[in-house]
Visitor: 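Please read through the structure below; I'll follow up with questions.
Residues take their numbers from the sequence shown, with the count starting at 1. As the structure lists them, so they are numbered: ligands from 1, and atoms in each ligand from 1.
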Amino acid sequence: MKKYTNISDIILLPDLIDEAIALKKNPFAFEQLAKHKTLVMLFFNPSLRTRLSTQKAAVNLGMQVMVMNISNDGWALEFEDGSVMKNGAAEHVKEAAQVISQYCDVLAIRTFAGFKSREEDYQEKVINAFVKYATVPIVSLESATGHPLQALTDAITIKEYQNISKPKVVLSWAPHPKALPQAVANSFVEVMNLSNVELVITHPKGYELNPEITKGVSIEYNQGKAFENADFIYTKNWSSFTDYGKVLSQDKNWMITQEKMELTNNAKFMHCLPVRRNVVVTDAVLDSENALVIQQSNNRTFAAQVVLKKILES
Ligand code: SN0
């Protein structure tokens, strides 16, 4: 694996999942692999799970880690080619990426959608600038339009908890007060498209994801109907793709409740976290036996570990 910024960087998903599960059983089996290697993690945005699980994954492989909250502590970066840097930005990504590459063997970056323009976000200007100018492999810790480490985690978790060979997986939109990225939902759809599952997406009208990503996936506007027979309910809020970055609805009827979970085939409840209780999902669902959110967050470590291992081996 040369980098991991996209689900398309995965070579063979089933093998990657099996290897992650093997690492989970024996996390220190490769503790010598990354001796004297360094991971730099740059955060343009907040993080809890991603930061700690990726750091733990690196340490399990014997790797050193340097973390920087680049928005607060670094120079403001310029990404435009040929710009006259008279305003805020002190340093161009051309230098920054090459400089940082000299200090590490893998460079991981979190950079959320800016919501200034759909085109800009979907061009992945920030992470692609690092891919272009860095001289070490890049790992996405969530970029403008994707969260591939979370999606790999979710595929691992579904593999662990499925009890039929082709489970029905429902990605359900849920309300949220803020405009959130489409990143988690996009990567989840992409990874499910590589998996042996029946995927259904449910959301209010106006919340259709990028049609290039959801091509061929069934969309059901009636949430209750979508939930029928589901084995996994994966919940996430995202803002509109069509009316880019807008919150079109905060309809409480889309919140995940115990009554809705009862429409399913005793489905497991999944969410990437952080989650707003009693807005996205009720306490009863989140605190139920069927909620897998804590197990998902544990798998973040092994998703990151298998990705770092693959990158370091190639
Ligand atoms: C991020 C998102 O992409 O939706 C990160 C998820 C892994 N989530 C948030 O920004 C939630 C923020 C909030 O205020 O609830």
Visitor: Of Y122, F115, Y207, which meets ring pair (Phe, Tyr, Trp, His ring centres under 6.0 Å) against F241?
Guide: Y122

Visitor: Looking at every non-hydrogen atom in both residues, tell me the closest pair between V285 and T257 and how far apart they are.
Guide: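 So the minimum-distance heavy-atom pair works out to CG2-C, 3.4 Å.
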
Visitor: Check each heavy atom of R49 against ligand 1 and say whether those closer than 4.0 Å belong to the side chain, the backbone, both or neither.
Guide: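 No part of R49 comes within reach of ligand 1.
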
Visitor: Can you find a non-hydrogen atom of P181 under 4.0 Å from ligand 1?
Guide: yes

Visitor: Does atom CD (Q64) have a neighbourhood of more than 12 heavy atoms from anything else shown, all under 6.0 Å?
Guide: no

Visitor: Have a look at ligand 1 and work out which part of E142, if any, has a heavy atom under 4.0 Å from it: side chain, backbone, both or neither.
Guide: side chain

Visitor: Hey, do the aromatic rings of Y234 and H271 have their centres closer than 6.0 Å?
Guide: no

Visitor: Any nitrogen or oxygen of H176 lying under 3.5 Å from a nitrogen or oxygen in ligand 1? Just yes or no.
Guide: yes

Visitor: How close does the nearest protein non-hydrogen atom get to atom 14 (O) of ligand 1, and which residue and atom is it?
Guide: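 Ranked first by proximity to atom 14 (O) of ligand 1 is R276 NH2, 2.5 Å.
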
Visitor: Is there a path of hydrophobic side-chain contacts, each under 4.5 Å between heavy atoms of I, L, V, M, F, W or Y residues, that connects W238 with V191?
Guide: yes

Visitor: Can you list the steps and then say if E160 with N299 is a side chain to side chain donor-acceptor pair (under 3.5 Å)?
Guide: CA-CA 10 Å; E160 285 180 321; N299 281 340; 2.9 Å; yes

Visitor: Heavy atoms only, cut-off 4.0 Å: how does L273 contact ligand 1, side chain, backbone, both, or neither?
Guide: backbone

Visitor: So which protein heavy atom does atom 4 (O) of ligand 1 come closest to, and at what separation?
Guide: K236 NZ, 2.7 Å

Visitor: For atom 12 (C) of ligand 1, which protein heavy atom lies nearest, and how many Å away is it?
Guide: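 Going atom by atom, the protein heavy atom closest to atom 12 (C) of ligand 1 ends up being K178 NZ, 3.8 Å.
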
Visitor: So for atom CD, which belongs to E313, do other residues, nucleotides or ligands contribute more than 12 heavy atoms lying within a distance under 6.0 Å?
Guide: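 Enclosed: over 12 neighbouring heavy atoms sit under 6.0 Å from CD of E313.
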
Visitor: How far is atom 9 (C) of ligand 1 from its nearest protein heavy atom, and which residue and atom is that?
Guide: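 Closest protein heavy atom to atom 9 (C) of ligand 1: L180 CD2, 3.7 Å.
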
